[in-house]
Amino acid sequence: MTRGRNRPITHERATPDHLERDLTPSQSDETAAANPGARSRVDARFTVTPEVRGLLALWKGNVRAVHRELVLRAARQSPPADAPSLTTLHRAIHRDLTPGERAGLAGGERAARKHDVFLARPRGWRNQVWETDHMQAPVLVDVEGKVRRPWITWFTDCSTNAVTGVAVTPGDPSRESVLAALRSAVLREEPYGPFGGVPEKVRVDRGKDFLSRTVTAAFDLLDVTVEDLPAYTPHLKGTVEGLNRAVESMFLASLPGYARQPRPGKRSSRPKDEVLLGFEDFTTQLLAWTLWWNTEHRPAPLRGKTPLQAWQDDPTPLRDVPAADLWTFTLEDAGTRTLTTRGIRFRKRDYVGPWMTGQAGIQVRIRFMPHHDHRIEVYHAATGRYLGPADLADQATDEQISAVRRARSARARRLKKDLEASQRERYAAVNQPEAPQRLGALTGAQAEAELAQSADAGLSQLALPDVIPPAAPPADWRTPASLAALTTPGPPVRYPYGRDGASAPDGRDGRAAPPTTDEDGDAS
């Protein structure tokens, strides 16, 4: 091949067609702006359509199941269409969907959130923001002979990562658990210090216990702003959520009875000879771990400092509340009552105290701890001065309470569906190692009445009317043979008017008249 003299010699090489397609610009700037990072689709290759996305969501990200569905749908068309191969489908899904979209279609919003990018909040200063949460410990604990998973309620400071307050409840938590944890968080005296004081803001996640009337009133009296976060947004309170994860992996996983929630349809397995911790021992070890977290652990965000060092290095002044005032703020208000010679009537029960002598007739205001119905706190209605506590009068003995609980358990077994909510046992939240304390006080009269009612109900249920057959009717009655066989011989029949054959006042004798017959011959 010869080249002309005047034609310059170039070293250009032909560009393959597929490279030209990949090097072509986007179709429009608007498309590129709407889908940043998206590849050009100028060729006719298979892409992920809304139909494919719907199938991925239906089959929880199972690509093979989606491929089978596409093959079946293509075969049903007239004429039959071609379905993409499994390899082509895999390639299109990885090309057209982001890792977050693939995870979300397979595992939902929580799985997709793991691939998102979040901004970090500034550290702020101590007591600027607290976060609080309930956590059910994945550990089986022996609570009075029953295996339970206790609940942990705690407050943590977002600036120093310190656990300011904690409360442990053997059963389901309530607003009483929140108030107990709040008192331990605010107080800085032993054994709660040095962390504490009144925060400026507390973040909660729409929990009904944290937003109850009593807890909200306590925050208002303490001049604390409550930030109610949207539901299912744990990343907005990452400090306490990180604490929940840390306590499980660093402490709870090493305890006997650790039972991570199994997958649906599977039961958690543990050794049969495993000795579980008691509630008091579990609380002791949890508080010891909390002390280690505050004084020895060095979280990464603190850059080599412990929470205690970060707390002490912060010069922000603290706002304290006296313990007596704090106790008042964290009680539920029950309104005013009149102090009578029988004490104070509250919830159809009488409460008395030694300080009531000579005080009958005054107006008082009642405040009480939720579910602790064995004692109330009494204040003067006009001045607000604290008068003293009042205990439940005629409180039932331990034997009566145990007998009532046994009767309730038997009744609950018979009517489990109807009485399940009302038979829930509640325990007091604690800040120090101590035996679990049941809540729900009874008077002696209430215990005896409930036991009597339960005994009567049990006997009535055991009564069977068909055990004793009915007595035989008089001999001159016409009784069918089938009914006569079901009767038992009885004593001689006594007629209502004297001896046999005596006449009745109307002139008839006392015996039953023989049956008559009608025109058809039927007895009447």
Requested in this report: Under the side-chain hydrogen bond (donor to acceptor under 3.5 Å, both in side chains) rule, collect the residues that match up with Q136, sequence neighbours excluded.
Outcome: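 Not a single residue meets the side-chain hydrogen bond (donor to acceptor under 3.5 Å, both in side chains) criterion with Q136.
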
Query raised in the report: Can you name the side-chain hydrogen bond (donor to acceptor under 3.5 Å, both in side chains) partners of S177, sequence neighbours left out?
Result: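 Partners of S177 under the side-chain hydrogen bond (donor to acceptor under 3.5 Å, both in side chains) test: T169.
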
Looking at side-chain heavy atoms only, is the closest gap between [X] and [Y] below 4.5 Å?
X: N431; Y: R183; answer: no
X: Q285; Y: P433; answer: no
X: F195; Y: R188; answer: no

Okay, side chain of [X], backbone of [Y]: is any donor-acceptor separation there less than 3.5 Å?
X: E227; Y: V202; value: no
X: N161; Y: P301; value: no
X: E131; Y: T156; value: no
X: R123; Y: S159; value: yes
X: T132; Y: W154; value: yes
X: T336; Y: A381; value: no
X: Q309; Y: T306; value: yes
X: R126; Y: T316; value: yes
X: R337; Y: R345; value: yes
X: R175; Y: S212; value: no

[Y] and [X] side chains, donor-acceptor separation under 3.5 Å:
X: E434; Y: T283; answer: no
X: D157; Y: T160; answer: yes
X: D314; Y: W311; answer: no
X: E200; Y: W125; answer: yes

Report task. Would you give the length of the straight line joining atom OG1 of T153 to atom CG of L182, rounded to the nearest 0.5 angstrom? Result ->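 T153 atom OG1 to L182 atom CG measures 11.5 Å (nearest 0.5 Å).
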
Query - Reported CG-to-CE distance for the pair L243 and M250, which is rounded to 0.5 angstrom - result: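 One finds 10.0 Å between CG of L243 and CE of M250.
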
Query raised in the report: Would you call the rings of Y351 and F346 parallel, tilted or perpendicular, where under 30° means parallel and over 60° means perpendicular?
Result: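 Answer is tilted, since the angle falls between 30° and 60°.
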
Requested in this report: Please state whether the rings of F155 and F219 are parallel, tilted or perpendicular, taking 30° and 60° as the class boundaries.
Outcome: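 The rings of F155 and F219 stand perpendicular, inter-plane angle above 60°.
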
Query raised in the report: Between R367 and E377, is a salt bridge (charged side-chain N to carboxylate O under 4.0 Å, His left out) present by the stated rule, with each step listed?
Result: CA-CA 5 Å; R367 300 183 70 90; E377 305 294 332; over 6 Å; no

